[in-house]
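Since this is a predicted model, take the numbers as computed values, not measurements.
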Amino acid sequence: MAQSDLTRVVEPACRKLAEEQHVKLVDIELAREGASRYLRIYIDKPDGITLNDCETYHRAVMPLVERVDYDYLEVCSPGIDRPLKKQEDYDAHVGEQVEIHLYRPVDKCRRFEGELLGLEEGVVRIAQGTGEMSFTLKDISLCKPVIVITEEDLAMDGELEEDEEGEASDDGQE
């Protein structure tokens, strides 16, 4: 099944199932990795996807995708640094830092970073300290949010680990 058939035939059925399960269909891809073909379906919801959400969707979607020639079916969260692909992805990240990778270098550089100003008429605009830059979608191989982990984030993670350790060791025995 060609990618266009996947988009035209399979995606609407997967989108309907996602709505029924109160999750959002983010993306579907059919990717070849080595000798295997992976059908990956990315789902999300505002408070995040759980393993149970993925398992429930996986079981329900299997009969809907049986016409697709794949070796492995994966249903997963898109992750916090998922690539921006659709207009709504770009709209949701306006004002945030993004990383853009190009197919061909511009001024001997293939990677750019800046504040996303938006996507309009197939052109992605970012602001950098040196000014504004624009790239057409067809020239971009990857655009994704920049994830910054601060010392405060690490301190919070340490607090969580301490809490978990405290709960795990507090088994009522002295």
Side-chain angles (χ1 to χ4, degrees), residues 1-104 110-126 135-149 153 157 160 164:
M1 178 175 277
Q3 184 69 34
S4 61
D5 291 334
L6 190 67
T7 303
R8 185 177 48 79
V9 177
V10 175
E11 187 173 332
C14 291
R15 187 169 310 286
K16 183 177 183 212
L17 175 62
E19 289 169 5
E20 291 169 2
Q21 292 192 359
H22 307 289
V23 296
K24 176 184 175 191
L25 178 65
V26 174
D27 198 11
I28 299 176
E29 69 178 4
L30 187 58
R32 181 173 297 281
E33 293 182 14
S36 300
R37 291 171 55 97
Y38 289 80
L39 177 59
R40 290 195 181 98
I41 301 174
Y42 298 93
I43 58 174
D44 204 0
K45 62 183 183 183
D47 54 342
I49 288 295
T50 66
L51 187 55
N52 285 340
D53 295 326
C54 291
E55 181 182 359
T56 300
Y57 190 89
H58 186 281
R59 289 178 192 271
V61 81
M62 285 178 66
L64 302 177
V65 297
E66 60 187 20
R67 290 182 32 199
V68 180
D69 180 24
Y70 65 88
D71 299 305
Y72 301 100
L73 172 62
E74 295 179 351
V75 175
C76 48
S77 164
I80 60 174
D81 66 340
R82 73 174 177 241
L84 309 182
K85 295 182 177 183
K86 302 173 182 172
Q87 182 71 49
E88 64 188 55
D89 298 333
Y90 284 92
D91 293 345
H93 291 280
V94 167
E96 297 177 18
Q97 291 292 308
V98 295
E99 181 179 315
I100 294 177
H101 296 249
L102 304 176
Y103 290 111
R104 290 179 297 285
R110 286 183 186 228
R111 184 185 168 280
F112 297 87
E113 197 172 298
E115 178 187 338
L116 179 62
L117 300 175
L119 166 64
E120 296 174 19
E121 297 180 18
V123 176
V124 176
R125 292 182 12 256
I126 61 170
F135 307 96
T136 62
L137 280 177
K138 66 179 178 138
D139 292 333
I140 297 174
S141 64
L142 175 70
C143 180
K144 66 179 187 171
V146 172
I147 306 302
V148 178
I149 299 174
D153 295 328
D157 186 44
L160 289 175
E164 289 171 1

Check: Can you list every pair that meets salt bridge (Lys or Arg N to Asp or Glu O under 4.0 Å) and has a residue in residues 89-99, with sequence neighbours left out?
Finding: E99-R111
Item checked: Separation of D47 CG from I49 CD1 (nearest 0.5 Å) -> 8.0 Å
Next item on the list: Only counting residues at least two apart or in another chain, list the ones meeting ring-ring contact (aromatic ring centres under 6.0 Å, His included) with F135.
Entry: F112
Next item on the list: Please answer whether the main-chain N or O of V123 pairs with a side-chain N or O of T136 as donor and acceptor at a distance below 3.5 Å.
Entry: no
Check: So, does K86 use its side chain to make a donor-acceptor pair with the main chain of V26 at under 3.5 Å?
Finding: yes
Next item on the list: Could you list the residues that satisfy side-chain contact (heavy atoms from CB on, under 4.5 Å) with Y72, not counting sequence neighbours?
Entry: S36, Y38
Margin query: Once side chain to side chain donor-acceptor pair (under 3.5 Å) is applied, what residue pairs with a partner in residues 75-84 remain, sequence neighbours excluded?
Written below: D44-R82
Notebook entry, point to check: Please walk me through it: do L117 and V94 pass side chain to side chain contact (heavy atoms under 4.5 Å, CB included)?
Noted result: CA-CA 6 Å; L117 300 175; V94 167; over 6 Å; no
Notebook entry, point to check: Taking the side chain from R37 and the backbone from D69, do they hold a donor-acceptor pair closer than 3.5 Å?
Noted result: yes
Next item on the list: Could you walk me through whether Q97 and V148 pass the side chain to side chain contact (heavy atoms under 4.5 Å, CB included) test, one step at a time?
Entry: CA-CA 9 Å; Q97 291 292 308; V148 178; 6.0 Å; no
Item checked: P83: side-chain contact (heavy atoms from CB on, under 4.5 Å) partners, not counting sequence neighbours -> K85, L142
Note to self: With rounding to the nearest 0.5 angstrom, report the NE2 to CD distance, H93 to E88.
What the structure shows: 10.0 Å
Notebook entry, point to check: In Å, rounded to the nearest 0.5 Å, how long is the span from CG of D139 to CZ of R110?
Noted result: 11.5 Å
Checklist line | Pair E113-V146, side chain to side chain contact (heavy atoms under 4.5 Å, CB included): steps then yes or no | finding: CA-CA 8 Å; E113 197 172 298; V146 172; 3.7 Å; yes
Check: When V10 is tested against each of I41, V65, L64 for side-chain contact (heavy atoms from CB on, under 4.5 Å), which residue passes?
Finding: V65
Check: Salt bridge or not for E115 and R125, using N-O below 4.0 Å?
Finding: no
Item checked: Under the side chain to side chain donor-acceptor pair (under 3.5 Å) test, residues paired with K45 that sit two or more places apart -> D53
Checklist line | Test: R15 and E19 ion pair at under 4.0 Å | finding: no
Check: How many angstroms lie between atom SG of C14 and atom CG of D27, to the nearest 0.5 angstrom?
Finding: 11.0 Å
Next item on the list: May I have the step-by-step check of side chain to side chain contact (heavy atoms under 4.5 Å, CB included) for L137 and Y90, ending in yes or no?
Entry: CA-CA 11 Å; L137 280 177; Y90 284 92; 3.6 Å; yes
Next item on the list: Return yes if some donor-acceptor pair links the side-chain N/O of Y57 with the main-chain N/O of N52 below 3.5 Å, else return no.
Entry: no
Checklist line | Interatomic spacing from CG in L102 to NZ in K138 - rounded to 0.5 Å | finding: 12.5 Å
Item checked: Approximate separation, where rounding is to 0.5 Å, of H101 NE2 and I140 CD1 -> 11.0 Å
